[in-house]
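Only this structure's heavy atoms are used, side chains among them; waters, hydrogens and symmetry mates stay out. Labels below follow one simple rule: chain letters A, B, ... track the order of the sequence lines, proteins then strands, and each chain is numbered from 1.
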Protein chains: 2
Amino acid sequence: MNTIKDIAKAAGVSVTTVSRALNGYSDVNEQTRQRIQEIAEQLDYTPNHIARGLVMNRSKTIGLLTSQSFPSNPKDTFTLDILAGVNEYASERGYDLILFQSRPAGGRTYYQMCRERQLEGVITQNLPHDHSATEELAATGLPGVFIDNPVGSGSASFVTTDNADGARQAIVHLIELGHEHIAFINGHHYAYVSKERRKGYEETLHEFGLPFREEYVREAAFEEKLAEQEALELLQAQPHITAVFCVSDLMAHGVMRAAHQLGYTLPRDLSIIGFDDLVLAEYFSPPLTTVHQDRYTLGRKACELLIEKIEGKETPASLVIPASLTVRESTGPPGS
Amino acid sequence: MNTIKDIAKAAGVSVTTVSRALNGYSDVNEQTRQRIQEIAEQLDYTPNHIARGLVMNRSKTIGLLTSQSFPSNPKDTFTLDILAGVNEYASERGYDLILFQSRPAGGRTYYQMCRERQLEGVITQNLPHDHSATEELAATGLPGVFIDNPVGSGSASFVTTDNADGARQAIVHLIELGHEHIAFINGHHYAYVSKERRKGYEETLHEFGLPFREEYVREAAFEEKLAEQEALELLQAQPHITAVFCVSDLMAHGVMRAAHQLGYTLPRDLSIIGFDDLVLAEYFSPPLTTVHQDRYTLGRKACELLIEKIEGKETPASLVIPASLTVRESTGPPGS
DNA sequence: TCATTCTTCCAAAACGTTTCGGAGGCTGAT
DNA sequence: ATCAGCCTCCGAAACGTTTTGGAAGAATGA
């Protein structure tokens with residue numbers, strides 16, 4: 001492995017000059033620069049990231065913290081898309097990404113984990129329920145951006161999908177199809193995204209002059225099985241319902257199962273709409289109408305924000321990515 | 001950020017002693033060691049990976065090369081599971097993982113990409129069709145392990161699922177259900193996994209005294225749409241067929257679509273069996289019987305092998321992970 | 001008592017890069 | 001002839017570790 005010294009020797013100049021030539025400084029003669037560049041190529045020189053990192057006190061590395069899920073889970077595609085977005089932008093900017101899927105071992109904190117790896121910043125997504133993790137990180141002053149988790153501080157921002165508007169689009173779609181009795185199956189009442197989506201649901205009903213009925217809303221912890229049970233009860237207790245809006249695709253699938261159990265034909269007897277647009281959604285029967293989250297962009301923007309922070313630029317405390325509706329075959333006019 | 005020097009000063013010893021104390025060398029007095037350790041904790045010391053990497057000439061970093069797929073694709077869960085396996089083992093052994101999803105920019109080679117990041121080794125999975133990439137890497141002498149790609153050389157190994165046995169289990173299952181006319185939809189004739197699975201198919205037919213019929217096998221490039229078309233033709237041309245074994249879950253879904261178009265009821269009129277066991281498979285209707293690949297283990301073992309190589313141990317040229325059959329509802333006795 | 005061996009410690013070099021402060025030589029204006 | 005200013009280059013320090021080779025003192029054995 002050839003170093004900058006070898007080049008210097010071969011070119012008959014000092015290492016300083018080689019360094020400055022290769023890094024495009026203006027105080028080196030154009031001829032020498034070209035000679036140095038040629039020699040560098042001949043010698044198959046590649047700069048040593050590590051040495052550079054040491055002297056510049058920069059690791060050029062960021063971390064992505066995600067919760068681990070085994071065995072694999074349909075929501076995994078969500079994580080992978082975000083990862084792809086983050087990773088791509090990071091590499092464009094010359095940063096490395098390292099991925100944490102497990103919590104710190106041996107009583108250490110997330111922050112310590114980050115410091116050990118010399119991370120310059122960290123992105124967080126779908127961490128386990130103890131919110132402490134993100135808040136702890138936000139408190140350290142390490143540049144951070146949190147996906148779907150509204151912790152804002154000086155050194156941290158958060159990015160999220162426009163949850164309220166996504167919900168709005170779903171409800172508008174149903175209302176335009178002619179539905180008036182629209183149920184709502186939420187996740188956790190304390191989760192940020194749940195609150196936002198509920199807000200979208202309620203406000204859109206009002207906007208169109210439809211009453212909001214507490215008895216039309218249920219919670220199912222983002223779980224398919226629970227959603228199935230809740231839907232079973234709900235649909236029997238409230239026979240006027242002709243459509244249900246679920247806060248995740250998986251819960252929508254639970255509702256589909258419930259509908260099948262009740263002998264419904266979809267979407268004639270019940271319109272169902274989800275949230276996320278997992279790859280899965282297309283394979284349900286019928287294929288699911290759902291609110292699309294642009295996960296790749298979510299990850300990419302998160303990374304953009306993070307790198308701006310790292311490089312000392314001003315960044316907004318939060319960033320909202322638009323949602324869009326993907327209409328498939330699980331929705332239609334009531335009773336059609 | 002406190003360094004080893006700060007500790008040395010506080011403890012009244014030299015940096016050498018601090019380093020050796022913290023790294024568990026035997027030539028430091030137990031009392032001084034403890035004192036140093038306490039001070040290190042008080043000072044909230046974390047060792048600088050980068051400085052260490054520089055002097056030891058080790059980055060402790062490995063790479064995972066994967067092809068990028070946007071928009072997201074159902075096969076993504078495959079990649080994520082492998083990633084999880086690799087990542088977890090790597091972190092257990094104190095290695096960092098960096099992920100490459102895009103090909104090298106600006107006419108550079110994969111090998112150069114690896115060298116720039118100071119990688120000590122590389123794992124490859126599902127690279128784009130130009131096999132050149134893996135072979136190029138194998139030729140460089142960089143420690144490497146390739147998933148599902150049988151390139152073996154001194155510095156590289158490969159790991160794969162037991163494809164032939166997986167196929168065998170599928171066929172045995174169908175034969176035991178009473179099927180005698182079993183079609184086979186393959187991927188690419190040149191792909192390693194396709195060859196192996198075909199071998200399993202043919203051999204198992206022979207083993208049970210059933211004839212192998214060339215007219216029962218088709219190729220569909222691992223694509224759902226193509227498999228649908230091929231199945232449509234095949235099922236009409238060969239009405240004796242009661243079961244079809246597909247070399248991927250996605251192609252199996254294509255066959256399902258074809259079967260529905262022909263008005264079949266599944267599995268009464270046709271048994272369908274896939275390969276991979278994507279999370280998706282459970283959501284097909286009917287849920288798909290399929291050969292399960294243990295992707296997490298695949299990744300983990302690949303990483304184990306790689307680290308052994310890096311640390312100079314002898315490693316086998318290849319490693320095969322067992323397959324298993326997951327029976328769901330897309331298979332049953334013929335005509336039942 | 002002296003030589004030998006352990007135990008415990010340290011100074012200094014090394015890893016490959018960037019950067020600070022300056023040095024020489026040349027040009028052009030005064 | 002002098003000076004200022006520019007262009008081009010360089011030596012040396014610095015980043016935070018590990019490691020080599022040895023040194024001082026204590027313990028051991030004869």
Side-chain angles (χ1 to χ4, degrees), chain A residues 1-37 39-40 43-61 94-96 112 114-120 311, chain B residues 1-37 39-40 43-61 94-96 112 114-120 311:
Chain A
M1 204 91 313
N2 284 316
T3 77
I4 219 176
K5 277 184 199 164
D6 302 307
I7 302 183
K9 207 173 299 172
V13 298
S14 74
V15 294
T16 308
T17 306
V18 176
S19 173
R20 299 186 78 86
L22 261 23
N23 289 313
Y25 281 72
S26 64
D27 68 347
V28 29
N29 184 287
E30 196 49 34
Q31 284 186 13
T32 24
R33 155 170 295 125
Q34 287 189 4
R35 193 158 43 91
I36 288 174
Q37 236 143 15
I39 295 182
L43 262 43
D44 198 20
Y45 168 76
T46 48
N48 186 326
H49 259 53
I50 298 191
R52 181 177 299 172
L54 179 60
V55 57
M56 303 186 72
N57 198 20
R58 306 260 333 247
S59 65
K60 279 264 203 172
T61 304
Y95 282 75
D96 285 347
Q112 282 173 327
C114 294
R115 267 205 349 199
E116 279 170 24
R117 315 292 196 101
Q118 251 66 41
L119 301 189
E120 298 190 34
E311 304 196 338
Chain B
M1 203 92 316
N2 283 316
T3 77
I4 219 177
K5 277 184 199 164
D6 302 308
I7 302 183
K9 207 172 300 172
V13 297
S14 74
V15 295
T16 309
T17 306
V18 175
S19 174
R20 300 185 78 86
L22 261 24
N23 288 314
Y25 281 73
S26 65
D27 67 347
V28 28
N29 184 288
E30 198 47 36
Q31 285 186 13
T32 23
R33 153 169 297 124
Q34 287 188 2
R35 192 158 44 91
I36 289 175
Q37 237 143 16
I39 295 182
L43 262 44
D44 198 19
Y45 168 76
T46 48
N48 186 326
H49 259 53
I50 299 191
R52 180 179 297 171
L54 179 60
V55 55
M56 303 186 72
N57 198 20
R58 304 255 341 245
S59 66
K60 279 268 204 164
T61 303
Y95 282 76
D96 284 347
Q112 282 173 326
C114 294
R115 266 205 351 199
E116 280 170 22
R117 314 292 195 101
Q118 253 65 42
L119 300 189
E120 297 190 36
E311 304 195 338

*Angle of first-five versus last-five pair axes in the helix from C:dT1-D:dA30 to C:dT30-D:dA1, to 10 degrees*: 60°
_Run the side chain to side chain contact (heavy atoms under 4.5 Å, CB included) test against A:Asn57 and tell me which residues pass, sequence neighbours left out._
none
*Once you round to the nearest 0.5 Å, how far does OG1 of A:Thr3 lie from CG of A:Leu43?*
9.0 Å
*Integer-rounded Å distance: D:dC15 P and B:Asn2 CG*: 14 Å
*A:Ser59: what forms a side chain to side chain contact (heavy atoms under 4.5 Å, CB included) with it, not counting sequence neighbours?*
A:Thr61, A:Gln118, A:Glu120, B:Ile50
*Just compare D:dT18, C:dT18, D:dC15 and give me whichever is closest to any side-chain atom of B:Lys5.*
D:dC15
*Taking only residues two or more places apart in sequence or in another chain, which ones pass side chain to side chain contact (heavy atoms under 4.5 Å, CB included) with B:Gln37?*
B:Leu22, B:Arg33
*Who pairs with B:Arg115 by side chain to side chain contact (heavy atoms under 4.5 Å, CB included), at least two apart in sequence or on another chain?*
A:Met1, A:Asp44, A:Thr46, B:Tyr111
_Partner residues of A:Asp27 under the salt bridge (Lys or Arg N to Asp or Glu O under 4.0 Å) criterion, sequence neighbours left out_ = A:Arg20
_Show every salt bridge (charged side-chain N to carboxylate O under 4.0 Å, His left out) that has at least one partner inside residues 5-19 of chain B, sequence neighbours left out._
none
*Can you check each nucleotide of nucleotides 6-14 of chain C against protein heavy atoms at under 4.0 Å and return B for base, S for sugar-phosphate only, - for none, in 5' to 3' order?*
--BBBBB--
_For B:Glu311, give me all partners under salt bridge (Lys or Arg N to Asp or Glu O under 4.0 Å), at least two apart in sequence or on another chain._
B:Arg93, B:Lys313
_Using whole Å, what does the distance between atom P of nucleotide C:dT17 and atom CG of A:Asn48 come to?_
6 Å
*A:Tyr25 OH to C:dT19 C1': how many Å, rounded?*
7 Å
*asked:* Checking contacts here: which listed nucleotide (D:dT17, C:dT18, C:dC15) is nearest the side-chain heavy atoms of B:Leu54?
replied: C:dC15
*Separation of B:Ile4 atom CD1 from D:dG16 atom C1', in whole Å?*
8 Å
*Could you give the distance from NE2 (A:His49) to CG (B:Leu119), rounded to the nearest 0.5 Å?*
9.5 Å
_Interatomic distance, B:Ile50 CD1 vs C:dT18 P [rounded to whole Å]_ = 14 Å
*Rounded to whole angstroms, how far apart are NE2 on B:His49 and P on D:dT18?*
11 Å
*Round to a whole Å and report the spacing from NZ of A:Lys60 to P of C:dT18.*
12 Å
_Tell me the interatomic distance from A:Glu116, atom CD, to D:dG16, atom C1', rounded to whole angstroms._
16 Å
